[in-house]
Amino acid sequence: MRIELERRRQQSPLFSIFSPFLALLLTVLAGVIIFWMLGKNPFSALYSFFVEPLTETWSLHELTIKAAPLIIIAVGLSVCFRSNNWNIGAEGQFIMGAIAGSILPVLLPNLQGYYVLPLMVVMGMLGGAAYAAIPALLKTRFNTNEILSSLMLVYVAQLFLDWLVRGAWRNPEGFNFPETREFHDYAILPEIVPSSGPTNYGFVFAIIVTLLTWFMMRHMLKGFEVSVLGQSTRAGRFAGFSNSKMVFFAFLFSGALAGLAGISEVSGAIERLQPVISPGYGFTAIIVAFLGRLNPLGIFAAGLVLALTYLGGEAAQISIGLPDKIADVFQGLLLFFVLGCDTLINYRVKFVFDRTVKEGGVS
Amino acid sequence: MVEARQDGDDCLLEVRDLTKIFGEFRANDGIDLKINSSEIHALLGENGAGKSTLVKMLFGSLEPSGGQIYWKGDPVEIRSPGQARALGIGMVFQHFSLFEALTVAENIALSMDNDVPIEKLAEQAEKLSREYGLPLDPNAHVADLSVGERQRIEIVRTLLQNPELIILDEPTSVLTPQEADKLFETLEKIRSEGRSVLYISHRLEEVKRLCDRATVLRHGKVTGACDPGQETAASLARMMVGSEVKAVTHHAGAAGDEVLLKTTGLSAPARTPFAVAIKNISLSVKKGEIIGIAGVAGNGQSELFEMLSGEFLASDANAVAISGKPVGKLDISGRRLLGAAFVPEERHGHAAVSQMSLSDNMILARHRSDAKVFLEGGPLKIINRGAVKKAAQRIIEDMDVRKSGDDPQASSLSGGNLQKYIVGRELDRQPAVMIVNQPTWGVDAGAASRIRQALIDLAENGSAVVIISQDLDEIFEVATKIAVINEGTLTEAEPAANMTLERIGLLMGGIHGEDHGSEASHAH
């Protein structure tokens with residue numbers, strides 16, 4: 001017996017829409033099994049993982065703080081992925097954006113004024129974009145595989161940040177802790193409604209980025225160019241679009257947004273640089289991008305869902321007594337089920353019981 | 001050619017009441033077909049008549065909705081191409097199923113059901129390909145081969161499996177008359193060995209010449225079965241189309257002295273080890289002229305097209321001139337703005353993006369030339385979908401493009417209808433210079449005559465037209481001047497009236513290098 005994947009002649013539009021929801025449902029079912037096998041009550045565990053974080057104002061604020069970087073990065077990645085460029089290094093661009101954006105408050109702490117924050121945001125985006133330009137340059141000049149080069153640059157960025165906060169940028173008044181000095185007030189991303197909770201303007205950035213990117217992909221020639229080159233470089237060349245320019249556009253765009261997320265995170269939530277500034281946002285954003293079907297509006301919703309798994313992981317430690325690695329498990333399951341559902345929308349599984357083929361040997 | 005044959009006992013494949021339904025659409029509706037052993041059986045029909053659906057069911061890549069297939073008198077269910085091959089059915093597809101990144105030998109190995117070492121297979125394939133006059137380099141990468149060469153791989157790898165029934169889908173559409181003759185000899189040899197061929201074609205003359213019997217399909221139903229030798233091309237066409245095919249007409253041309261397209265010593269090195277270098281091509285096309293460029297597949301046609309279109313740029317700006325302006329270093333959008341229009345050979349993934357709608361494919365080729373209508377919002381370049389859809393609709397009506405749905409994906413159209421849309425997309429701009437590579441490859445007779453007439457009308461309205469084609473009948477039908485491309489060099493264009501099939505054949509072979517010469521002599 002063989003199992004074959006046979007391409008469907010037509011994809012069901014209904015399932016194309018519902019596949020992310022189906023994937024969520026399957027993830028929850030898998031969660032039930034995992035909690036049950038760990039000897040926990042699956043339903044109370046699921047409650048504290050997925051529902052409890054949504055019941056308090058405080059944790060809803062936390063949700064937006066976790067969701068904002070995921071959404072901003074994933075929206076950038078969606079454009080990159082649609083153009084058939086595979087930037088896996090958003091985590092590194094996030095870190096480099098955070099470092100570049102922190103130059104002013106760390107090295108020039110006496111430079112104070114309302115102009116500091118906008119400058120930091122711009123420098124953060126430039127930092128992320130510049131770092132993403134490296135795999136783009138390698139790809140266009142030397143035909144290097146961008147998946148590998150962008151991924152490996154993540155580790156370079158992580159170690160560079162580690163070296164900075166332990167060495168050159170360490171806070172002179174910080175008792176040798178590996179941290180930079182705390183950002184001054186002009187360098188901190190303000191809270192939107194301080195009386196309600198700590199949600200900061202990073203979430204507003206996420207909304208703006210989502211809407212603008214949606215508009216670009218849907219209505220502008222640039223978005224059309226991205227889709228054409230993503231599907232056929234030859235047709236793209238026939239249209240007069242340059243593929244190497246698109247490689248740079250895709251990487252600079254996604255790098256700049258990862259940098260924006262990075263500087264928003266350090267200036268909004270951490271307020272200094274430290275050895276680790278991201279719980280893997282740059283990687284989780286890849287799941288967000290696919291769960292949102294590479295559509296900015298879908299990504300916005302998917303970002304909130306994935307942010308919930310981070311909060312759920314924390315809740316799991318406190319109320320169920322499970323390690324927060326359970327969040328990684330859920331994220332992995334979710335990606336698996338999303339890709340699985342998408343595959344089954346495009347292909348049908350066929351079990352072939354066939355003797356005549358066996359006689360001729362399997363091709 | 002046609003021998004007397006007895007019916008009944010030697011029936012190899014029979015199909016009774018075979019039906020295939022997609023949703024509401026009956027692609028095949030109660031098909032009856034009978035193929036005897038050692039016969040060449042033609043399957044005729046327009047694009048969209050249901051020929052491909054029928055053969056896909058015979059080859060196991062589609063499951064019938066109803067009816068029965070009999071193989072040597074026994075009812076069979078063919079569930080997969082592997083099973084079809086095991087029965088003894090081989091198939092050469094119209095749309096090739098080749099992996100571009102792999103070599104010829106590797107592609108052949110992939111389709112074989114038993115494990116033969118690849119070196120041995122390559123040897124066999126090369127030997128077989130030489131025997132049948134379809135020369136192939138087993139180590140060449142498919143990505144670097146022309147359409148014609150790719151088809152040879154398909155034919156050779158089917159022959160390697162030693163099938164009893166070979167299904168050929170439009171096999172001669174990319175071959176020269178000489179190559180086609182050679183293929184016919186091959187097919188006749190296959191028939192004399194007691195095997196059968198199901199031969200799908202639009203070319204009525206060759207069906208008449210080659211085939212013992214013909215089954216004609218129209219709108220998914222059998223509309224006739226005949227002995228093509230007893231029919232005329234016109235009567236076959238009538239069965240196929242349901243009405244007479246219009247012959248193209250020439251009027252007094254609007255010829256002038258103004259040169260609209262000119263190349264001067266256009267050269268380009270081969271971009272890959274298997275591509276053809278363009279050598280010192282000089283060509284000049286005047287207002288009202290149609291230059292036909294004939295040649296065997298893989299002699300630099302696509303390379304020349306890409307240099308003319310500006311998809312790849314010349315090193316010398318003066319090498320190409322449009323309406324007197326040097327454009328050698330101007331990209332395709334710039335050349336379009338000067339009034340040039342281009343139709344490449346490959347429809348899917350070059351002239352059109354298969355997964356995009358027809359209106360999006362309109363933007364593909366015309367976002368610069370029609371920016372005023374299609375785009376708004378200044379530097380934001382916001383697409384005006386209403387205007388684009390209107391233009392697409394206009395072309396669909398002008399060219400009689402048959403489609404399902406309001407604005408379907410390009411991939412859902414049949415080859416002929418998509419080609420009509422692609423050609424119409426360019427004609428709609430009234431281009432001053434039109435360059436078309438293989439205008440009617442794999443297109444049915446009705447659509448082909450429509451496309452050819454449109455190109456003639458364009459030239460007669462004062463445009464310069466270049467047609468690169470392997471179909472010599474087409475070149476003679478349309479062109480006012482004919483040139484021959486061979487290993488990247490182009491002969492001087494001569495008036496069509498001075499040219500004969502034999503002379504073109506000589507030009508195609510006469511300047512061949514030693515390598516090809518030896519192959520050609522081997523073929524004789």
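In this text the structure is predicted, and so the values were computed from the model without any measurement. Proteins get letters first, then strands, A, B, ... in listed order; numbering begins at 1 in each.
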Can you list the steps and then say if A:Met220 with B:Ile383 is a side chain to side chain contact (heavy atoms under 4.5 Å, CB included)? CA-CA 6 Å; A:Met220 285 166 59; B:Ile383 296 166; over 6 Å; no

Start with the C-alpha gap between A:Ser227 and B:Met356, add the side-chain angles, then the distance that decides, and say whether side chain to side chain contact (heavy atoms under 4.5 Å, CB included) holds. CA-CA 9 Å; A:Ser227 311; B:Met356 285 189 164; 3.4 Å; yes

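Contact between B:Glu311 and A:Arg234 at its shortest, heavy atoms only, is OE2-O, 4.3 Å. Nearest approach of A:Gly240 to B:Ser333, heavy atoms of both residues: CA-OG, 3.7 Å. In plain terms, the two heavy atoms of B:Val353 and A:Gln231 that are nearest each other are CG1-OE1, 3.3 Å. A:Ala239 and B:Leu364 make their closest contact through CB-O, 3.0 Å (heavy atoms, listed as atom of the first residue, atom of the second, distance).
Around atom OH of A:Tyr115, more than 12 heavy atoms belonging to other residues, nucleotides or ligands sit under 6.0 Å away. Counting heavy-atom neighbours within 6.0 Å of A:Phe248 CZ, excluding the residue itself, gives a total above 12. Within a 6.0 Å radius of CZ in A:Phe215, more than 12 heavy atoms belonging to other residues, nucleotides or ligands are found. When the shell of 6.0 Å around CD of B:Glu63 is examined, it contains 12 or fewer heavy atoms from other residues, nucleotides or ligands.
For chain A, no part of B:Asn384 is nearby; none of its heavy atoms comes within less than 4.5 Å. Contact of B:Arg368 with chain A is not made at all, since no heavy-atom distance falls under 4.5 Å.
Residue with the most contacts toward chain A among B:Gly377, B:Gly334, B:Gly349: B:Gly349 (heavy-atom pairs, distance under 4.5 Å). Looking only at heavy-atom pairs under 4.5 Å with chain A, the residue among B:Glu306, B:His367, B:Lys381 that has the most is B:His367. Annotation: maximal heavy-atom pairing with chain B below 4.5 Å, among A:His219, A:Arg218, A:Met216, occurs at A:His219. Chain B forms the most heavy-atom pairs under 4.5 Å with one residue out of A:Ala235, A:Gly236, A:Gly223, and that residue is A:Ala235.
Between A:Ser232 atom OG and B:Glu346 atom CD the span is 9.5 Å, to the nearest 0.5 Å. Taken from CZ in A:Phe224 to CG in B:Leu375, the straight-line distance is 10.0 Å, to the nearest 0.5 Å.
For the pair B:Phe374/A:Leu221, no side-chain contact is recorded, criterion being any heavy-atom separation below 4.5 Å from C-beta on.
Geometrically, B:Arg336 engages A:Phe238 in a cation-pi contact, judged by NZ or CZ lying under 6.0 Å from the ring centre and within 45° of the ring axis.
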